[in-house]
Amino acid sequence: MAESLINNLPGTRDLLPEELVAWHVVEDCARRIFRQYGFLEIRTPIIEPTELFARGIGEDTDIVGKEMYTFLDRGNRSVTLRPEATASVVRAYIQNALYRGSGITKLFYFGPMFRYEKKQKGRWRQFYQAGVEVFGPDHPAIDAEVIEMALRFTESLGVEASLQINSIGCRRCRPPYLEILRRRLQGEISGLCEDCRRRAHTNSLRVFDCKVETCQPIILNLPSIADNLCSECSEHFSRVKKHLDDAGVAYETVPGLVRGLDYYVRTAFEIVSRELGAQNTIIGGGRYDGLSEVIGGPPVKAIGFAVGLDRLAMILPEEKRRSGVWRPDLFIAYKGEAAFRRALLLARDIRRRERSCMLDFSDASLKSQMRLANKINAAHVLIVGDDELSRDTYTLKRMHDSRQWEVTPPELTEYLASCADQGEGQPRSGPRRIE
RNA sequence: GUGAGCGUAGCUCAGCGGGUAGAGCUCUGGAUUGUGGCUCCAGCGGCCGGGGGUUCAAAUCCCCUCGCUCACCCCA
């Protein structure tokens, strides 16, 4: 079906109503928890000058080197679809002088990001992230708070995930460490696999990620960055861990955890799931104290993380997903022209009373209207026909137990008011899996 | 960018030692003149991804192409 205009671009996709149920559960949960910690929403453009990302994320990163959607606009400016949001949020923070005021600014965002990569499980060219950024403090406790919040988020979604943390030092202590590491790898080069030999030069820290058996003994003996931090970074890292311990947060210290963006310093962390494929990172984040200055702003301490919404929606447990399924309170089935007109008036009235209702417009038989009501999982069906019209009543049927009875208009109003919030999270009475 | 696998009905797939397409689900209607889910019956629905070649004959064999998927790299 490689035809014409009826095809989306590779790596993009339509999110259909059924799939979006899981997304809404995830998004609602994120907003709820972010607010508990005092985060406020910010929305920035999804398109920015290329230079913002190139400088902010780092010219040598994969993202900037080969994954950006970059093009010239009609004004001959080089612009880029954002590959991530942190650089934009920092830009907005500086541009709008949000640093004036209290010493701490907490922001969160939601939105699409774009990276020109080959599609894979859990990876798209247009994908969605939520994220948070804290500007101001660099106290270890705020690092721990942010990490703890991320974990609480995945936990309350019922998603199984584990936390990995590391400190990758600062501009002062990282370069000397990398030098030491490179030299050691050079000495062991003959024992390394082909990939690792390449990594030894290009991205030494990645050697830690190698899964090749023969590399393991060498990797285990490599100096870790955590043991080569400057005293300030070392102190910071151990205090972050102490705060995590105090909070009862379980974590694994992973020496090879480095993150792919240049701006990270000190605390780096990831939350990973076993339920995904090769792309198993659900949340990634860390501290980025120098980013503001890199893009021309004042010195700003900052830490944050990004959540992969696509991946979370993908592994959301079924019971959580089910809790977000919507159903109309009422379906109005009618027979005859007079009843149809009555149904329209009634629908208007019901909606004004904050109840949801639907009806059929195809002049279908009562039977097929009932089928439709069942298919859309309506909680009740209201039947309006000649009998009812002549008596000025309706027949109200409760779908889950098939009980039905006659009601007067005021009784209907009262009944609907009494079953408040029945619209969501109720067990389905309709077509169910039978197991 | 590299490698592997796969493209047949709206969906999931069978058919692939050539002989002018099949199942399940979905959908529509009926069995039940005004009543859903279950069951039964019937029906709708396919240039078998596209192009070329071999052959009397190709969904089936060969070549090219496009698309999808997974993996490497890297990341959410």
Side-chain angles (χ1 to χ4, degrees), chain A residues 1-4 6-11 13 16 18 57 61-67 82-86 111-131 150 193-195 198-199 202-203 205-206 209-212 257-261 270-273 276-285 305-314 331 333-336 339 362 364-389 395-404 428-434:
Chain A
M1 263 145 268
E3 262 313 305
S4 67
I6 320 295
N7 277 115
N8 56 319
L9 255 16
R13 61 192 169 143
L16 305 178
E18 195 184 347
I57 298 169
T61 61
D62 277 11
I63 291 177
V64 174
K66 55 182 191 186
E67 294 172 3
R82 64 181 183 196
E84 57 109 40
T86 297
M113 309 294 158
F114 303 83
R115 268 128 81 164
Y116 196 91
E117 299 180 276
K118 266 206 169 170
K119 210 247 169 249
Q120 235 173 287
K121 179 170 181 155
R123 168 189 289 169
W124 294 264
R125 286 183 174 179
Q126 177 177 343
F127 61 102
Y128 296 81
Q129 288 185 335
C193 71
E194 199 178 322
D195 282 341
R198 178 173 44 75
R199 292 189 186 109
T202 57
N203 199 344
L205 287 165
R206 286 282 164 207
D209 288 341
C210 186
K211 288 135 201 149
V212 176
L257 175 55
V258 287
R259 319 278 316 133
L261 299 83
E270 286 185 9
I271 295 176
V272 299
S273 161
L276 289 153
Q279 268 62 49
N280 62 358
T281 303
I282 292 170
I283 294 179
F305 65 74
V307 180
L309 297 176
D310 313 70
R311 292 176 184 178
L312 268 182
M314 198 167 18
F331 184 94
Y334 56 89
K335 178 117 178 20
S362 66
S365 65
L366 193 63
K367 183 193 210 36
S368 57
Q369 291 184 66
M370 290 299 294
R371 282 198 181 135
L372 179 57
N374 185 61
K375 192 165 72 182
I376 64 177
N377 198 26
H380 303 86
V381 173
L382 193 73
I383 298 164
V384 189
D386 297 333
D387 296 351
E388 287 83 358
L389 284 182
T395 298
L396 181 63
K397 177 163 186 170
R398 191 165 57 193
M399 297 297 270
H400 76 86
D401 60 2
S402 297
R403 298 252 302 257
Q404 69 178 51
R428 290 169 64 97
S429 61
R432 307 229 35 197
R433 84 192 72 258
I434 311 145

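Numbers restart at 1 for each chain; the letters A, B, ... are given by sequence-line order, proteins then strands. Every value quoted in this text rests on a predicted model; they were computed, and no experiment measured them.
With rounding to whole Å, A:Leu16 atom CG is found 16 Å from B:G10 atom P. Residue A:Gln120 contributes atom CD, which lies 15 Å from atom P of B:G1 at whole-angstrom precision. In this structure, CG of A:Leu372 is placed 11 Å from P of B:C27, rounded to the nearest angstrom. As rounded to whole Å, 12 Å separates atom P of B:C38 from atom CE of A:Met399. Between A:Arg123 atom CZ and B:A71 atom P there is a gap of 9 Å when expressed in whole angstrom units. Rounded to an integer number of Å, the gap from NZ of A:Lys119 to P of B:G5 is 20 Å.
Residue A:Lys375 has its side chain nearest to B:U28 when only B:U28, B:U69, B:C74 are considered. In the set B:G37, B:C72, B:A76, B:G37 carries the atom at the smallest distance from any side-chain atom of A:Asn374.
No N or O donor and acceptor, one from the side chain of A:Glu67 and one from the base of B:C73, sit under 3.5 Å apart. If you check distances only, the side chain of A:Gln279 does reach the base of B:C74 with a donor-acceptor pair under 3.5 Å. Put simply, the side chain of A:Glu270 and the base of B:A76 share no donor and acceptor less than 3.5 Å apart. No N or O donor and acceptor, one from the side chain of A:Arg115 and one from the base of B:C74, sit under 3.5 Å apart.
A stacking contact links A:Phe127 to B:A76: the aromatic ring centre lies within less than 5.5 Å of the base's six-membered ring centre, and the planes differ by less than 30°.
In this structure A:Arg125 satisfies the salt bridge (Lys or Arg N to Asp or Glu O under 4.0 Å) test with no other residue, sequence neighbours excluded.
Between A:Lys335 and A:Asp387 there is no salt bridge, since none of the side-chain N atoms of the basic residue sits less than 4.0 Å from a carboxylate O of the acidic one.
A donor atom on one side chain and an acceptor atom on the other are found under 3.5 Å apart for A:Thr281 and A:Glu270.
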Could you go through nucleotides 41-45 of chain B and list every protein N or O atom that sits under 3.5 Å from one of its N or O atoms, giving the distance for each pair?
none

Contact letters for nucleotides 30-35 of chain B, in which S counts primed atoms plus P, OP1 and OP2 and B counts the base, heavy atoms under 4.0 Å
--B-BB

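Across the strands present, B:C72 finds its partner in B:G1; the criterion is a Watson-Crick or G-U wobble pair with both atom distances under 3.5 angstrom.
Counting only distance, with no hydrogens or angles, the side chain of A:Gln129 and the backbone of A:Met113 share no donor-acceptor pair below 3.5 Å.
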